[in-house]
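What you are looking at is a predicted structure, and each value in this text was computed from that prediction instead of being measured.
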Amino acid sequence: MKRQSKLSKPVQYWDEDLPKLVEDQKTLPQLIRVNEINDVWMEIPRYVNYGWGAQWFGASISLFSFGFILILFVKTDMFSDLLFCIFNSLILFSFFTLVMRFVRSVLFEPRGAPVRFNRKRQKVYVYEYQKKIWPWKRWPVVIKVFDWADIQGERVQMAGHADWGHRVYCAVCKPGTYEVIDRFILTWTVGNLHDAYGLWSHCCHYMEKKPVPTAPLETEKPRSWTPFQTIHWPEAIDRGSTTAPE
């Protein structure tokens, strides 16, 4: 019999729904990485682990191509004809946009955008950096706040050449239903299925106020390219996500 998700809109490349109750977990709780964990709140970083270095390569190639095409157009006087001028200007503009998007992404996009779990409030706070198509527009940080009761876990299996392994997604459902209204990623691709199960199990144990280990599997932080890549929680959200209700 073909397996099928209980959710109304399963995530792309869905492989299985993950159990929510502690007693149904597939393995013992185990963090992969953690920024902070205590009796009130826990923060998990989400480091993109594929394609990051390639962005610098893409930026370099795009910048070189932009310069080469610009010199070619000027040297060959390809702007003299109006039609060619419009066409070539569009090509240059496209290359310039691509270069700036690559550069802005590697310099300013926070690589380890975190998720906070507040076990006292039973809330989940998701730090999202929303990139736009145009690099000169504002790329805002959006903090999404969800009730833990509305979150269901999903596992997907990636089979790409540079992105092989397992991811865990959190589907946010309309209260009391399996109708998905939002979704966020809990961990990018990990090669070991046991690690993916362990992370989800850890979150479930933690939010049910069960004892959990505090030592993660990985303690070394992946390299960031510049000091511009910073995580800054708004003051009110930062206070609410790290305290217990009065």
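Cys170 approaches Ile151 most closely through the heavy-atom pair CB-CG2, 3.7 Å. The minimum heavy-atom distance between Ala244 and Val40, with the atom names listed, is N-CG1, 3.8 Å. Taking every heavy atom of both residues into account, Pro114 and Glu43 meet most closely at CB-CG, 3.6 Å. Closest heavy-atom contact between Val212 and Ile37: CG2-CD1, 4.1 Å. Nearest approach of Met42 to Cys203, heavy atoms of both residues: CE-SG, 4.3 Å. Between Pro19 and Cys204, the shortest heavy-atom distance links the atoms O-SG, 3.9 Å.
Contact check for Gln12 versus Val156: no side-chain heavy atoms found under the 4.5 Å cut-off. For the pair Ile143 and Val141, the minimum side-chain heavy-atom distance is below 4.5 Å. Side-chain contact between Arg167 and Trp188: present, with at least one pair of heavy atoms (C-beta onward) separated by less than 4.5 Å. No side-chain heavy atom of Ile181 sits under 4.5 Å from any side-chain heavy atom of Cys173. Between Trp233 and Tyr125 the shortest side-chain heavy-atom distance falls below 4.5 Å. In this structure the side chain of Lys123 never reaches within 4.5 angstrom of the side chain of Trp148, judged on heavy atoms. The shortest distance between side-chain heavy atoms of Met158 and His166 does not fall below 4.5 Å.
Annotation: side chain to side chain contact (heavy atoms under 4.5 Å, CB included) contacts of Glu36 (sequence neighbours excluded): Asn38, Trp41. Partners of Lys174 under the salt bridge (Lys or Arg N to Asp or Glu O under 4.0 Å) rule, at least two apart in sequence or in another chain, are Glu179. In this structure, the side-chain hydrogen bond (donor to acceptor under 3.5 Å, both in side chains) partners of Tyr197, at least two apart in sequence or on a different chain, are Glu16. Residues forming a side-chain hydrogen bond (donor to acceptor under 3.5 Å, both in side chains) with Lys120 (at least two apart in sequence, or on another chain): Asp39. Scanning for salt bridge (Lys or Arg N to Asp or Glu O under 4.0 Å) contacts around Asp15 gives Arg3, Arg155, with sequence neighbours left out. Residues meeting the side chain to side chain contact (heavy atoms under 4.5 Å, CB included) test with Thr187, sequence neighbours left out: Ile32, Val168, Val190, Leu199. Annotation: ring pair (Phe, Tyr, Trp, His ring centres under 6.0 Å) contacts of Phe146 (sequence neighbours excluded): Phe184. For the side-chain hydrogen bond (donor to acceptor under 3.5 Å, both in side chains) test, no residue two or more places apart in sequence or in another chain qualifies with Lys20. Every residue meeting the side chain to side chain contact (heavy atoms under 4.5 Å, CB included) condition with Pro175, not counting sequence neighbours, appears here in chain and number order: Asp150. Looking at residues two or more places apart in sequence or on another chain, you find a side chain to side chain contact (heavy atoms under 4.5 Å, CB included) between Tyr178 and Lys6, Leu7, Gln152.
Connection of Ile231 to Ile237 is established within a shared hydrophobic cluster, with ILVMFWY side chains joined at heavy-atom distances below 4.5 Å, either directly or through further cluster members. Trp14 and Tyr169 fall within a single hydrophobic cluster, where Ile, Leu, Val, Met, Phe, Trp and Tyr side chains are chained together by heavy-atom contacts under 4.5 Å. Residues Val48 and Tyr13 share a hydrophobic cluster, clusters being chains of Ile/Leu/Val/Met/Phe/Trp/Tyr side chains in contact below 4.5 Å.
Side-chain atoms of Thr189 never come within 3.5 Å of backbone atoms of Trp164 as a donor-acceptor pair (strictly under, hydrogens ignored). No side-chain donor-acceptor contact under 3.5 Å links Trp200 to the backbone of Gln25. Here the side chain of His205 pairs a donor or acceptor atom with the backbone of Ser201 at under 3.5 angstrom. The closest donor-acceptor contact from the side chain of Asn118 to the backbone of Thr243 lies under 3.5 Å. In terms of modelled atom types and a separation under 3.5 Å, the side chain of Arg116 and the main chain of Val124 share no donor-acceptor contact.
No hydrogens or angles considered: nothing links the side chains of Arg121 and Ser241 as a donor-acceptor pair under 3.5 Å. For the 3.5 Å distance criterion, the side chains of Asp17 and Ser5 qualify, holding a donor opposite an acceptor.
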Distance-only criterion, 3.5 Å: show the donor-acceptor pairs between side-chain atoms of residues 214-221 and protein atoms not counting sequence neighbours.
none

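Atom CG of residue Leu31 and atom CG of residue Asp195 lie 11.0 Å apart, to the nearest 0.5 angstrom.
Salt bridge present: Arg183 and Glu154 bring a charged side-chain N and a carboxylate O closer than 4.0 Å.
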Side chain to side chain contact (heavy atoms under 4.5 Å, CB included) assessment of Ile44 paired with Phe117: CA-CA 8 Å; Ile44 296 175; Phe117 294 82; 3.9 Å; yes
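The salt bridge (charged side-chain N to carboxylate O under 4.0 Å, His left out) analysis of residues 202-211, with sequence neighbours excluded, yields no pairs.
More than 12 heavy atoms of other residues, nucleotides or ligands sit less than 6.0 Å from atom CD of Glu23.
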